[in-house]
Amino acid sequence: MRIDVDSYREIIDTLTRNKSRSFLTGFGVFWGVFMLVALIGGGQGLKEKLNQNFEGFAQNTAMIWAQQTTKPYKGFRKGRWWAMDYNDIERLRQRVPELKTIAPVLFGSWGTTNTAYYGDQKTTPRIQGVTPEYADIVAPRLYYGRYINQMDMQQHRKVCVLGKKIYKDLFKDGGDPCGKSIRVDSTYYEVIGVDYNASGGMNFNGRAEEKITLPLTLVQQTYNRGSEVDMIAVTGRDGVVMSRLSPRIRETIARAHYVDPTDEQGAMVFNTEVLFQLLDNLFRGVNFLIWLVGLGTLLAGAIGVSNIMMVTVRERTTEIGIRRAIGATPRMILSQIISESIVLTLVAGMSGILFAVAILQMVEVGNMEDGMITAHFQVGFWTAIAAALMVSLMGVLAGLAPASRAMSIKPVDAMRDE
């Protein structure tokens with residue numbers, strides 16, 4: 001479609017003569033594009049924020065812990081308290097070979113508050129003891145140092161990994177704390193790492209950033225827990241669906257402790273796979289709603305452009321008829337009308353994209369923590385390009401009906417209209 005300078009001048013003149021109508025119609029397109037781009041960026045940022053709550057958790061994970069029984073079993077009444085032990089690890093390995101990783105977790109003494117000290121600073125952490133395999137299930141995000149290893153376990157080393165909040169409370173000046181000693185109640189531990197994994201969405205016995213992690217064998221010894229285990233975290237091998245293994249896992253643990261294998265509350269198996277599926281389904285629906293609202297608003301703006309161009313063609317009936325009489329071809333009339341529609345929608349659409357990008361940038365900056373962006377609300381370059389192309393296509397479609405009407409005008413009819 002070729003348009004000369006005079007044609008462009010005519011387009012601008014037409015839009016200028018109809019300022020109020022062009023503004024109102026352009027605002028409809030502007031608002032439609034703004035809504036589409038802003039909703040895409042907002043949905044993307046919201047998904048990233050929610051995913052951060054489950055950051056580091058393997059998707060095919062299950063957590064097992066003991067609770068008060070709700071069913072009687074083999075002479076034991078319901079309402080009985082029970083506890084898992086270290087032998088359950090070997091039972092799971094033998095009877096559920098589909099499990100890839102099995103990691104016991106032991107929390108500090110129940111019902112008491114721990115206090116950690118470094119110099120004149122103090123805080124109240126939660127204590128957890130883990131094995132090195134636990135890092136395969138809840139991946140740490142180490143800011144300094146390393147995680148618990150096998151040598152720490154075997155030698156009962158008095159070492160610890162600090163959560164983010166504990167580190168900030170004890171080490172106000174920042175810096176690498178590895179190699180320094182902190183005191184928890186009456187026991188000193190050497191800091192070997194700082195874990196910045198928040199894991200805000202799934203918390204077991206407190207938030208990850210408020211915990212001090214020790215070797216499990218050391219917690220057994222320090223807090224006199226013997227062979228007890230408070231929680232067992234497991235992951236399935238590749239291709240294994242954890243929801244199918246949950247009944248077998250519960251039965252393996254429950255039967256060994258005289259708990260009814262069908263007592264889902266007494267032997268709790270929390271399957272994170274269900275949670276991740278729920279999250280995926282949620283955002284599938286959110287994305288559908290975003291495109292439905294955005295495209296619907298954009299389509300309404302395009303219809304407005306088509307209407308204003310139809311009114312413009314009707315007002316210019318005489319002008320178009322005279323141009324046809326002096327030799328203007330239908331293609332030239334078609335080019336001018338569609339070009340006017342494209343210019344109107346493209347200018348309004350690009351303004352909407354720029355405004356949405358500016359708003360999303362402010363939202364992104366407002367979600368910064370410690371000078372770092374926590375979630376990316378900004379749309380990508382190709383998303384913006386796709387939006388611009390979509391607006392151009394809408395402009396072409398919006399101009400087709402008015403252009404068809406303009407081409408159908410005959411010089412005789414135009415003079416009679418005058």
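All residue numbers in this chain count up from 1 along the given sequence. Bear in mind that the values here come from a model prediction, so they are computed numbers and not experimental data.
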| query | Who passes side chain to side chain contact (heavy atoms under 4.5 Å, CB included) against Glu264, sequence neighbours left out? | reply | Arg250

| request: May I ask you to decide if Ala267's main-chain N or O and Trp82's side chain share a donor-acceptor pair within less than 3.5 Å? | output: no

| field | Contacts of Lys122 that satisfy salt bridge (charged side-chain N to carboxylate O under 4.0 Å, His left out) - sequence neighbours left out | value | none

| said: Do Val234 and Leu245 have side chains that approach each other closer than 4.5 Å (heavy atoms only, starting at C-beta)? | reply: no

| query | Nearest 0.5 Å, what's the CG-CD distance between Leu170 and Gln121? | reply | 7.5 Å

| said: Taking salt bridge (charged side-chain N to carboxylate O under 4.0 Å, His left out) as the definition, give me every residue that meets it alongside Asp88, ordered by chain and number, with sequence neighbours left out. | reply: Arg91

| task | Tell me, with the steps shown, if Val219 and Gln128 meet side chain to side chain contact (heavy atoms under 4.5 Å, CB included). | result | CA-CA 8 Å; Val219 174; Gln128 72 174 6; over 6 Å; no

| query | Would you find a donor on one side and an acceptor on the other, under 3.5 Å apart, between the side chain of Glu209 and the backbone of Lys165? | reply | no

| Mind checking what makes side chain to side chain contact (heavy atoms under 4.5 Å, CB included) contact with Gln44, not counting sequence neighbours? | His376

| Pairwise side-chain contact, Asp152 with Arg146, heavy-atom cut-off 4.5 Å (strictly under) | yes

| task | Rounded to the nearest 0.5 Å, what's the gap from OH on Tyr134 to OG1 on Thr101? Could you check? | result | 12.5 Å

| Residues Val105, Asp230; criterion side chain to side chain contact (heavy atoms under 4.5 Å, CB included); working and verdict | CA-CA 6 Å; Val105 181; Asp230 292 321; 6.0 Å; no

| request: Rounded to the nearest 0.5 Å, what's the gap from CD1 on Ile89 to CD1 on Ile253? Could you check? | output: 7.0 Å

| query | Salt bridge between Arg248 and Glu251, side-chain N to carboxylate O under 4.0 Å? | reply | no

| message | Can you tell me how the ring of Tyr196 sits relative to the ring of Tyr143, calling it parallel under 30°, perpendicular over 60° and tilted otherwise? | response | parallel

| remark: d(Met231 CE, Trp65 CH2) to nearest 0.5 Å is 7.5 Å

| With a 4.0 Å cut-off, would you call Asp195 and Lys211 a salt bridge? | no

| said: Is there a side-chain contact between Pro177 and Val194 in this structure, where contact means two heavy atoms from C-beta onward sitting under 4.5 Å apart? | reply: yes

| query | So do Lys71 and Tyr73 actually touch side chain to side chain, heavy atoms under 4.5 Å? | reply | no

| query | Is the shortest heavy-atom distance from the side chain of Cys160 to the side chain of Val191 under 4.5 Å? | reply | yes

| request: Give a yes or no answer on whether the side chain of Gln378 reaches the backbone of Val357 with a donor-acceptor pair at less than 3.5 Å. | output: yes

| Out of curiosity, Leu218 CG to Thr213 OG1, how far, rounded to the nearest 0.5 Å? | 12.0 Å

| field | ring pair (Phe, Tyr, Trp, His ring centres under 6.0 Å) against Tyr144, all qualifying residues, sequence neighbours excluded | value | Tyr167

| Sub-4.5 Å side-chain heavy-atom contact between Thr131 and Ile148 | no

| message | Keeping Glu190 on the side-chain end and Val159 on the backbone end, is there a donor-acceptor pair under 3.5 Å? | response | no

| request: List in chain and number order the residues that pass ring pair (Phe, Tyr, Trp, His ring centres under 6.0 Å) with Tyr118, two or more places apart in sequence or in another chain; answer none if no residue qualifies. | output: Phe171

| message | Using modelled atom types and a 3.5 Å cut-off, is there a donor and acceptor pairing between side-chain atoms of Thr69 and backbone atoms of Arg80? | response | yes

| message | Using every non-hydrogen atom in the two residues, find where Val33 and Gly352 come nearest and quote the distance to one decimal. | response | CG1-C, 4.3 Å

| Excluding sequence neighbours, so at least two apart, what forms side chain to side chain contact (heavy atoms under 4.5 Å, CB included) with Pro72? | Lys78

| message | Using the side chain to side chain contact (heavy atoms under 4.5 Å, CB included) criterion, which residues pair with Lys74? Sequence neighbours excluded. | response | Tyr258

| field | Side-chain touch Tyr86/Leu106, heavy atoms, less than 4.5 angstrom | value | no

| field | Qualifying residue, where the test is side-chain contact (heavy atoms from CB on, under 4.5 Å) with Pro104 and the options are Asp85, Val130, Val229 | value | Val229

| Listed partners of Thr123 passing side-chain hydrogen bond (donor to acceptor under 3.5 Å, both in side chains), at least two apart | Asp169

| query | Mind checking what makes side-chain hydrogen bond (donor to acceptor under 3.5 Å, both in side chains) contact with Thr70, not counting sequence neighbours? | reply | Asp263

| Could you give the distance from CZ (Phe34) to CG (Leu39), rounded to the nearest 0.5 Å? | 8.5 Å

| message | If you define the side chain from C-beta out and look only at heavy atoms, does anything of Ile137 sit under 4.5 Å from Met63? | response | yes

| query | Can you name the closest pair of heavy atoms from Ile166 and Pro125 and give their distance? | reply | CD1-CB, 3.5 Å

| message | Going by salt bridge (charged side-chain N to carboxylate O under 4.0 Å, His left out), name the residues that satisfy it together with Arg237, two or more places apart in sequence or in a different chain. | response | none

Which side-chain N or O atoms in residues 181-189 pair as donor and acceptor under 3.5 Å with protein atoms at least two apart or in another chain?
unit_1, atom_1, unit_2, atom_2, d
Arg183, NH1, Asp185, O, 2.7
Asp185, OD1, Thr115, N, 3.1
Asp185, OD2, Asn114, ND2, 3.0

